[in-house]
Amino acid sequence: MFYTLIHTIHIYSVFIYGGFLFVDILFLSKMKQTLSEEEHKKAREAIMMHVRKVVPYALIVAVASGLYLFSQIFGKISDNGMSTFQMILSIKAFFGLWLGFRGINQKLFGIQPWVFKAHIFPFTLVVIIILLSQFMYL
Ligand code: HEM
């Protein structure tokens, strides 16, 4: 029951975080096509001031809930080495932690570690993470 609750929280938080990245990449980035540079700056800030109050925290919740799920579901590594599930889950968790590390650093300490300048890279990682989290059960 507790696992299901945390799993549900994981999905919602991932939905908020990933959802923003999808909207940003697919739609908000297109504002430049019809707005002047000044208008675009203003319009983007009008949205980002609300995004900053929610999305970074959704990422923190996604990572914290993910760590709990991981601790419950990963299981023991057998003598033959890791199962496919364990390998794919490890890769997914690594990418998720990378996003979390970067997000927490940016939010709490104002630093931009590694290559994240635009949202296209975190967006790509989220697409990959979602694919991995579906295929790890095959
Ligand atoms: C922003 C980063 C993350 C995204 C976008 C993400 C996305 C997802 C998605 C879409 C699922 C599948 C849910 C379902 O089909 O029911 C999932 C499940 C899972 N995630 Fe994450 N996740 C992230 C971070 C993490 C982290 C950092 C960890 C662990 C350290 C983690 C561990 C797990 C585990 C163990 C499951 C399997 C839960 C289950 O099936 O019972 N996730 N995640």
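As the structure lists them, so they are numbered: ligands from 1, and atoms in each ligand from 1. What you see is a predicted model, and the numbers here were worked out from it, not measured in a lab.
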Hey, is CD on E45 packed in by over 12 heavy atoms from elsewhere, all under 6.0 Å?
yes
Per-atom contacts, ligand 1 versus Y137 - under 4.0 Å to a heavy atom
37 (C), 38 (C), 39 (C), 40 (O), 41 (O)
Please work out which of the three classes, parallel, tilted or perpendicular, describes the rings of Y3 and Y68, given edges at 30° and 60°.
tilted
Run the numbers for me: atoms of ligand 1, each under 4.0 Å from some heavy atom of F70, listed by number.
29 (C), 35 (C)
List every atom of ligand 1 that sits less than 4.0 Å from any heavy atom of L89, numbering the atoms from 1 in the order shown and giving each element.
34 (C), 35 (C)
Under 3.5 Å donor-acceptor, E37 side chain and K32 backbone
no
Joint hydrophobic cluster, V14 plus Y17, side-chain heavy atoms closer than 4.5 Å
no
OH of Y137 to CD1 of I88: how many Å apart, nearest 0.5 Å?
11.0 Å
Near Y3, which atoms of ligand 1 are under 4.0 Å from a heavy atom of that residue?
38 (C), 39 (C), 41 (O)
Considering residues, nucleotides and ligands other than Y12, do more than 12 of their heavy atoms fall under 6.0 Å from its OH?
no
Using a strict 4.0 Å cut-off to heavy atoms of I73, name the atoms of ligand 1 that fall inside it.
35 (C), 39 (C), 41 (O)
Listed protein N/O/S atoms, distance to atom 21 (Fe) of ligand 1 under 2.8 Å
H10 NE2, K92 NZ
dist F123:CZ -> I128:CD1 (nearest 0.5 Å) comes out at 10.5 Å
Looking at Q134, which atoms of ligand 1 are within less than 4.0 Å of one of its heavy atoms?
12 (C), 15 (O)
So, Q134 side chain and L131 main chain: donor-acceptor pair closer than 3.5 Å or not?
no
Taking only heavy atoms of Y17, which atoms of ligand 1 are found under 4.0 Å from at least one of them?
1 (C)
Below 4.0 angstrom from a heavy atom of L59, which ligand 1 atoms are there? Numbered from 1 as shown, please.
1 (C)
Atom CG in L5, atom CD1 in I9: separation rounded to 0.5 Å?
4.5 Å
Roughly how far, to the nearest 0.5 Å, is the CG atom of L28 from the CD1 atom of I47?
5.0 Å
Counting non-hydrogen protein atoms only, what is the nearest one to atom 14 (C) of ligand 1? Give residue, atom name and distance.
H7 NE2, 3.6 Å
